[in-house]
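First the structure, in the form of structure tokens, and then the observations on it.
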2 protein chains.
Amino acid sequence: MATPLKKHDVFQAIADPTRRQLLHVLAEQEMPITQISNRFPMSRTAISKHLRVLEEAGLVQNRRVGREKRYRMQAEPLLELKRWLSFYERFWDNKLVALQRFVEDGQE
Amino acid sequence: MATPLKKHDVFQAIADPTRRQLLHVLAEQEMPITQISNRFPMSRTAISKHLRVLEEAGLVQNRRVGREKRYRMQAEPLLELKRWLSFYERFWDNKLVALQRFVEDGQE
DNA sequence: GCAACATGAAACCAAATGGTTTCATGTTCA
DNA sequence: TGAACATGAAACCATTTGGTTTCATGTTGC
């Protein structure tokens, strides 16, 4: 059990604007897919595919309730994004970076 | 002057692992493309395309120095990501979310 | 001036992506 | 039981993506 080998990761999952909207909607409340797709200008099948991508990234879960399947957001995988971002925090609004560039620009 | 209509945004730009590596490399120091592509297992042309995507997203800048063009990271656009992420902070490690789910699960 | 170097641009390609439509399957409840 | 509903799966399609190779252009410095 070495590589996770998930087909889609968090970075890919949130790259698409429709999927970001989906995430936003499912953050507030769980919802069956038919109800979800009423809010989007595309077919239920298209939404279904987007949901699968989000699921593969761990950003969405579902549970069966009667004949419907309710989807909800799962926020934890976003922590990976947060961690990735934290590396770059020192690069914005940072005096050291300005200094570094000043030095580089003076090199020739 | 309505829509920015940039072909690539930050979310797309960081979706690709190669581009994330590029960003990481160019965060530490500026570098001409030939030197950059020596660090990657693909052609200089491929790197060139990735750099263009990063540039369109505003994540990379360049300046001419003699016959070479040195690339460097520009971190500011990542703030959009940070802002986007901040909306979801209340969803991880949050008692309220647990309560919400408890209520939902009890509904039938 | 010109060889060597650094880069850009174009044509091409396979695979992935984001949609569609159509059909199949399972569930509910009157 | 069977009609209506909720979903999933499959086939298909156009465009985008991520790579290649080949060729063109501009710059440097002996």
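Every heavy atom of this structure was used, including side-chain atoms; hydrogens, water molecules and symmetry mates were not.
For B:H50 and C:dG8, the NE2 to P distance is 15 Å, given to the nearest whole Å. Look at CD on A:E68: it is 13 Å from P on D:dC5, rounded to the nearest Å. Taking atom CZ of residue A:R52 and atom C1' of nucleotide D:dG8, one finds them 8 Å apart after rounding to whole Å. Taking atom CE on A:M42 and atom P on C:dT20, their separation rounds to 7 Å, with Å as the unit. Atom CG in A:D16 sits about 12 Å away from atom C1' in D:dT16, given to the nearest Å. Taking atom CG of A:L51 as the reference point, atom C1' of D:dT7 lies 12 Å away to the nearest angstrom. As a whole-Å value, the separation of B:R64 CZ from C:dT7 P is 8 Å. Here C:dG18 presents its P atom at 9 Å from CD of B:Q12, a figure rounded to the nearest Å.
Among the protein residues, B:F40 comes within range of no part of the nucleic acid, since none of its heavy atoms lies under 4.0 Å from any strand. Among the protein residues, B:T34 comes within range of the sugar-phosphate backbone only, with heavy atoms under 4.0 Å from sugar or phosphate atoms but none that close to a base.
At the phosphate of D:dG8, OP1 or OP2 sits under 4.0 Å from a side-chain N or O atom of A:K69. Remark: B:H8 is not in phosphate contact with D:dT16, judged by side-chain N or O atoms under 4.0 Å from OP1 or OP2.
Nucleotides of DNA chain C nearest to A:K49 and A:R67 differ in position, and the one nearer the 5' end is that of A:K49. Where A:V53 and A:T45 each meet DNA chain C at their nearest nucleotide, the meeting point lying more 5' is that of A:V53.
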Original post:
ring pair (Phe, Tyr, Trp, His ring centres under 6.0 Å) between A:H50 and A:F40: does it pass, once the steps are laid out?
Top reply: CA-CA 12 Å; A:H50 281 304; A:F40 289 82; 8.5 Å; no
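Ring geometry for A:H24 versus B:Y88: interplanar angle over 60°, hence perpendicular rather than tilted (30 to 60°).
Salt bridge annotation for A:E28-B:R90: present, with a cationic side-chain nitrogen under 4.0 angstrom from a carboxylate oxygen. Using a 4.0 Å cut-off between a side-chain N of Lys or Arg and a carboxylate O of Asp or Glu, B:K82 and B:E80 do not qualify as a salt bridge.
Using modelled atom types, no side-chain atom of A:S48 and backbone atom of A:R44 make a donor-acceptor pair closer than 3.5 Å.
Donor-acceptor pairing under 3.5 Å, judged by distance alone, is present between the side chain of A:R44 and the base of D:dG8.
Closest contact between the side chain of B:I33 and the listed nucleotides C:dT20, C:dT7, D:dG8 involves C:dT7.
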